Amino acid sequence: MLASLSRFNVPETLDDLPEDICAAILAVQEKAGFVPNVFLMLAHRPAEFRAFFAYHDALMESDSDSLTKAEKEMIVVAISARNRCLYCVVAHGALVRIYSKDPLLADQVAINHHLAPISERHRVMLDFALHCAIDVGDMSDEWLMRLGEVGFTQDDCWDIGAIAAFFSLSNRLVTLAGTPPNEEFYLMGRVPRGDTSGPKNSV
């Protein structure tokens, strides 16, 4: 079963891992109720595991001037959809639903954020994120003005660009490994917690 999580090595048991990585995985399992597959996919490279999640937490868990957790996750979903990363669209789509309390938003952002019922602030944010991740990615005066007009500070602009860049890396690694999303992610934020009557997998 574990072998299906990655084309590369995965731990046979958590006891095979360095103590700090084992502790990190167990902490996530206690909080979420399951171990996201990306943790096991990265565990065979301990130094990279530590660096990856340290930067992840610095971007996604730290306070921003104004970016909310829902906005950060919207960026991840938009970028991941363009990079055709099923794992990140499904996993972070669940977080968009939870943080925004909107069961439809993640799917709408993933398909076409220009057609999604979002604010102009969010449309500009996602336009810039895609510019950073997919296009040249330069921070022009025009972009700075456009982002400032909808309330983003210079620090926010860095956060948007850094999240777009980091998750482009994450998308490539997950695709390289062939790691699928956990089934649990599909229903998160769609049905009340603990209700398992819905479909387990919509792919």
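This is a predicted model, so every value here is computed, not measured. In what follows, residues are counted from 1 in the order of the sequence shown.
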Worksheet item: If we only count heavy atoms from C-beta on, is the Leu115 to Gln108 side-chain gap below 4.5 Å?
Response: no
Discussion item. For Ile118 and Leu105: C-alpha separation, side-chain torsions, deciding distance, then whether side-chain contact (heavy atoms from CB on, under 4.5 Å) applies.
Written reply: CA-CA 8 Å; Ile118 58 178; Leu105 181 59; 3.6 Å; yes
Worksheet item: Above 12 or not: heavy atoms from other molecules or residues under 6.0 Å from CD of Glu61?
Response: yes
Discussion item. Applying side-chain contact (heavy atoms from CB on, under 4.5 Å) to Arg123 and Val150, what does each step give before you reach the verdict?
Written reply: CA-CA 10 Å; Arg123 216 173 308 282; Val150 292; over 6 Å; no
Discussion item. Determine whether a donor-acceptor pair (N or O, by modelled atom type, separation under 3.5 Å) exists between the side chain of Arg82 and the backbone of Ile134.
Written reply: no
Worksheet item: Same hydrophobic cluster for Phe34 and Ile21, using side-chain heavy-atom links shorter than 4.5 Å among ILVMFWY?
Response: yes
Discussion item. I'd like to know whether CD of Glu142 has more than 12 heavy-atom contacts from other residues, nucleotides or ligands below 6.0 angstrom.
Written reply: no
Discussion item. I need the minimum non-hydrogen distance between Leu126 and Val109, along with the two atoms involved.
Written reply: CD1-CG1, 3.9 Å
Worksheet item: Under 3.5 Å, is there a donor-acceptor pair between the side chain of Asn182 and the main chain of Glu184?
Response: no
Worksheet item: Is the closest side-chain heavy-atom distance between Leu144 and Cys157 below 4.5 Å?
Response: yes
Worksheet entry | In one Ile/Leu/Val/Met/Phe/Trp/Tyr side-chain cluster, 4.5 Å: Leu26, Phe49 | yes
Item to complete: State, with a plain yes or no, whether a side-chain heavy atom of Val76 is found less than 4.5 Å away from one of Met60.
Response: yes
Practice prompt. Measure the spacing between CD1 of Ile79 and CD1 of Ile163 and express it to the nearest 0.5 Å.
Written response: 10.0 Å
Worksheet item: Could you walk me through whether Leu130 and Asp135 pass the side-chain contact (heavy atoms from CB on, under 4.5 Å) check?
Response: CA-CA 7 Å; Leu130 289 166; Asp135 301 327; 5.7 Å; no
Worksheet item: Can a donor-acceptor pair be found between the side chains of Ser66 and Asp156 at a distance below 3.5 Å?
Response: yes
Discussion item. Contact between Leu42 and Phe53 at the side-chain level, heavy atoms closer than 4.5 Å - yes or no?
Written reply: yes
Discussion item. Looking at Arg50 and Asp20, is any side-chain nitrogen of the basic one under 4.0 Å from a carboxylate oxygen of the acidic one?
Written reply: yes
Practice prompt. Answer whether the closest heavy-atom distance between the side chains of Val28 and Ile25 falls below 4.5 Å.
Written response: no
Worksheet item: Which word best sums up how the rings of His56 and Phe167 line up, parallel for under 30°, tilted for 30 to 60°, or perpendicular for over 60°?
Response: perpendicular
Item to complete: Taking all heavy atoms of Leu17 and all of Pro11, pick out the closest pair and write down the distance.
Response: CD2-CB, 3.8 Å
Item to complete: Step through the shown structure and confirm whether more than 12 heavy atoms of other residues, nucleotides or ligands are within 6.0 Å of CG on Asp57.
Response: yes
Discussion item. If I compare all heavy atoms of Tyr87 with all of Val174, which pair ends up nearest, and what's the gap?
Written reply: CB-CG1, 3.4 Å
Worksheet item: For Ala110, does its backbone N or O pair with a side-chain atom of His113 as donor and acceptor, under 3.5 Å?
Response: no
Worksheet entry | Minimum-distance pair of heavy atoms, taken over all atoms of Ser80 and Asn171 | OG-ND2, 3.0 Å
Worksheet entry | Lys/Arg-Asp/Glu bridge criterion (N-O < 4.0 Å) met for Lys72, Asp159 | no
Discussion item. I want to check something: taking the side chain as every heavy atom from C-beta on, are Ser170 and Cys88 in contact at a cut-off of under 4.5 Å?
Written reply: yes
Fill in: Any side-chain heavy-atom pair of Leu147 and Met139 under 4.5 Å
yes
Worksheet item: Okay, side chain of Thr175, backbone of Cys85: is any donor-acceptor separation there less than 3.5 Å?
Response: no
Worksheet entry | Ring-ring centroid check His92 Phe185, cutoff 6.0 Å | no
Item to complete: Would you confirm whether the ring centroid of Phe166 sits within less than 6.0 angstrom of the ring centroid of Phe52?
Response: yes
Discussion item. Run the side-chain contact (heavy atoms from CB on, under 4.5 Å) test on Glu48 and Leu173 for me, step by step, so that the C-alpha distance in whole Å, both residues' side-chain angles and the decisive distance to 0.1 Å come before the verdict.
Written reply: CA-CA 11 Å; Glu48 293 170 40; Leu173 289 176; 5.8 Å; no
Discussion item. For a quick test of reading the model, state the closest non-hydrogen atom pair linking Pro181 to Asn37 and the distance between them.
Written reply: C-ND2, 3.9 Å
Practice prompt. For residues Leu40 and Val35, report the shortest heavy-atom separation together with the two atoms involved.
Written response: CG-CG1, 3.9 Å
Practice prompt. Is it possible for you to say whether Val96 and Ile160 belong to one hydrophobic cluster, with membership spreading through side-chain heavy-atom contacts below 4.5 Å?
Written response: yes
Item to complete: Identify whether NZ of Lys or CZ of Arg in Arg121 sits under 6.0 Å from the centre of the six-membered ring of Phe152 and within 45° of that ring's axis.
Response: yes
Worksheet item: Taking NZ, NE, NH1 and NH2 as the nitrogens, is one of them in Asp107 or Arg190 under 4.0 Å from a carboxylate oxygen of the other?
Response: yes
Fill in: Side chains of Glu71 and His122, donor plus acceptor under 3.5 Å
yes
Discussion item. Does any part of the side chain of Asn9, heavy atoms only, come nearer than 4.5 Å to the side chain of Arg45, both counted from C-beta?
Written reply: no
Discussion item. Check for me, please, whether Val38 and Tyr55 land in the same ILVMFWY cluster - side-chain distances under 4.5 Å, paths through other members count.
Written reply: yes
